[in-house]
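Since the structure comes first, as structure tokens, the remarks are kept for the end.
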Protein chains: 2
Amino acid sequence: MASLALQTAEFSAPTQRKASIDREDIIAAALSLLGPHRSVSSLSLREVARAAGIAPNSFYRHFRDMDELAVALIERAGLSLREIIREARLRATTSPSIIRSSIEAFMELLEGDKKYLQILLAEGTVGSDAYKAAVEQVLTYFEQELQEDLIRLSTEANAPLHRPDLVSKAITRMVFAMGGNALYKPADERREIGAQMMVMVRFLMEGSETLYKLEGPG
Amino acid sequence: MASLALQTAEFSAPTQRKASIDREDIIAAALSLLGPHRSVSSLSLREVARAAGIAPNSFYRHFRDMDELAVALIERAGLSLREIIREARLRATTSPSIIRSSIEAFMELLEGDKKYLQILLAEGTVGSDAYKAAVEQVLTYFEQELQEDLIRLSTEANAPLHRPDLVSKAITRMVFAMGGNALYKPADERREIGAQMMVMVRFLMEGSETLYKLEGPG
DNA sequence: CACCTGTCTATACAACTGTATATATGTGTG
DNA sequence: CACACATATATACAGTTGTATAGACAGGTG
């Protein structure tokens, strides 16, 4: 867990506080190294230490492993993404607009914090078990949150869904897959991909509604 | 060493064997190294050479790069997958059954030739540009082929589709994303994921048909 | 036969990796 | 002040990496 992440440095006299390197700084250094050709799992401990301006061995004071760093990065990325989507959800309350604004928020994030997204999108299937499990957990969280939204909104709209769990899973996996693909593409292509996502999500929603009429909730 | 495994050693003349190492052997060696924790992009040249039973430098006689090897692996995997799916398509000619049998074929492949699939599913977003482009090309091929099927079948069934290009893209990306996720999971989970895929594809098909009624072909 | 030519190997090198060990340096407590 | 302590560092080591260079051996051609 992010044990020391929130500790406020002010007012703390009891223990010694050094203005030295922080977990945060190491995470930032690792982020700075990411790019279209550099994945988290391709970073070396020494490389990160170098970017953070510390000796290789100092790394061990903050993380046991590169793997532990990777998991921390994933959790951070998940948190960041979660906040963005939550904002989008709060702004929109009707079924079509919540989808639109969520995807727009997602694509905006893709413009800006590419690094965070890359961690979740592009590397969920390589790396250690802990690594994969952390990504999976983030995705599952999104699925559950989306499912709640879907059920609430479809009930309000009187357009119930067949297997809303699978609708949310399909949307999540598809958006992440398409997003990972769009990550480092030129802006106009990204916009095109965003538009495609919208249609695909509509397919899923309409399909689920239709199947509800044919077969019930499932 | 394992390199000579397939050649019959009996009757061997005192002279060195004519049958020397092949691109094929190197590809096989690379495949043998893949696994849940070893991705293509994490293999080293020396490692592959070692597994192939050749000197590191001999590698260069067959590939310029590890990157070139990776592309060769991707193409081979694409070819293999393509054949499997083609068989499935030939066996089934009606709309629902072609989906079912294609996904079943896909999941069967996932039981067997995991290595091939991993190359396409799990690593399309990491690696060099050539690497990514090769994966993208394979995916695009599948999309196009699937789209032709969808148009033909939906016309026959008198159930035309809205944006069949996006239907096939959505199906392809989703199946690959879900497949990559299922790759090294236990058999019962994999079966469950296969069942989920079927429902998701039905969502997409039904949704596209519904949207056609509302908005036409798009 | 001698002579290329293509393929393999052996050796070598500089760069890099993760980490074990020992050392320096500043901080808080007795 | 002296001490212990947490933190940073420097040095070192054994292993790996990609690849440059040079030599060994075969087959085909003159």
For [X] and [N], what is the distance between atoms [atom1] and [atom2] respectively, to the nearest whole Å?
X	N	atom1	atom2	result
A/Leu43	C/dG18	CG	P	10 Å
A/Phe59	C/dT17	CZ	C1'	14 Å
A/Leu45	D/dT9	CG	P	13 Å
B/Met66	D/dG18	CE	C1'	11 Å
B/Glu47	D/dT16	CD	C1'	10 Å

Q: Check whether any side-chain nitrogen or oxygen of B/His62 sits under 4.0 Å from OP1 or OP2 of C/dT7, and answer yes or no.
A: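 The answer is no; no side-chain N or O of B/His62 sits under 4.0 Å from OP1 or OP2.
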
Q: Determine: side-chain N/O of B/Arg23 to OP1/OP2 of C/dT7, distance under 4.0 Å, yes or no.
A: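 Checking C/dT7 against B/Arg23, no side-chain N or O comes under 4.0 Å of OP1 or OP2.
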
Q.
If you assign A/Ser44 and B/Asp22 each to the DNA chain C nucleotide with the nearest heavy atom, which residue ends up on the more 5' nucleotide?
A.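 Nearest-nucleotide comparison on DNA chain C picks B/Asp22.
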
Non-hydrogen side-chain atoms of [X] and [Y] separated by less than 4.5 Å:
X	Y	answer
B/Ile54	B/Arg50	no
A/Asp65	A/Tyr60	no
A/Met200	B/Met174	no

Q. So, A/Phe106 versus A/Phe176, ring centres under 6.0 angstrom or not?
A.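 Close enough - the centres of the two rings lie under 6.0 Å apart.
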
Q: Determine the minimum heavy-atom distance between A/Leu33 and A/Ala51, stating which atoms define it.
A: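 Minimum heavy-atom separation between A/Leu33 and A/Ala51: CD1-CB, 4.0 Å.
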
Electrostatic pair [X]:[Y] at N-O distance under 4.0 angstrom:
X	Y	answer
A/Asp149	A/Arg152	yes
B/Glu143	B/Arg173	yes
A/Glu24	A/Arg76	yes

Q. If you check every side-chain atom of A/Tyr60, which of C/dT19, D/dA8, D/dT19 has the closest atom?
A.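 That would be C/dT19.
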
Q: Mind grabbing the angle between the end helix axes of the helix from C/dC1-D/dG30 to C/dA22-D/dT9? Five pairs an end, 10° rounding.
A: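 Axis-to-axis angle, ends of the helix: 20°.
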
Q. Quick one: salt bridge (charged side-chain N to carboxylate O under 4.0 Å, His left out) pairs with a partner in residues 54-63 of chain B, sequence neighbours left out?
A.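 For residues 54-63 of chain B: none.
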
Q: Give the B/S/- string for nucleotides 9-14 of chain C, one per nucleotide from 5' to 3', where a protein heavy atom under 4.0 Å of the base yields B, of only the sugar-phosphate yields S, and otherwise -.
A: BB-B--

Q: For A/Arg64, report the nucleic acid contact type (base, sugar-phosphate, nothing); a contact means any heavy atom under 4.0 Å.
A: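 Here A/Arg64 touches no strand at all.
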
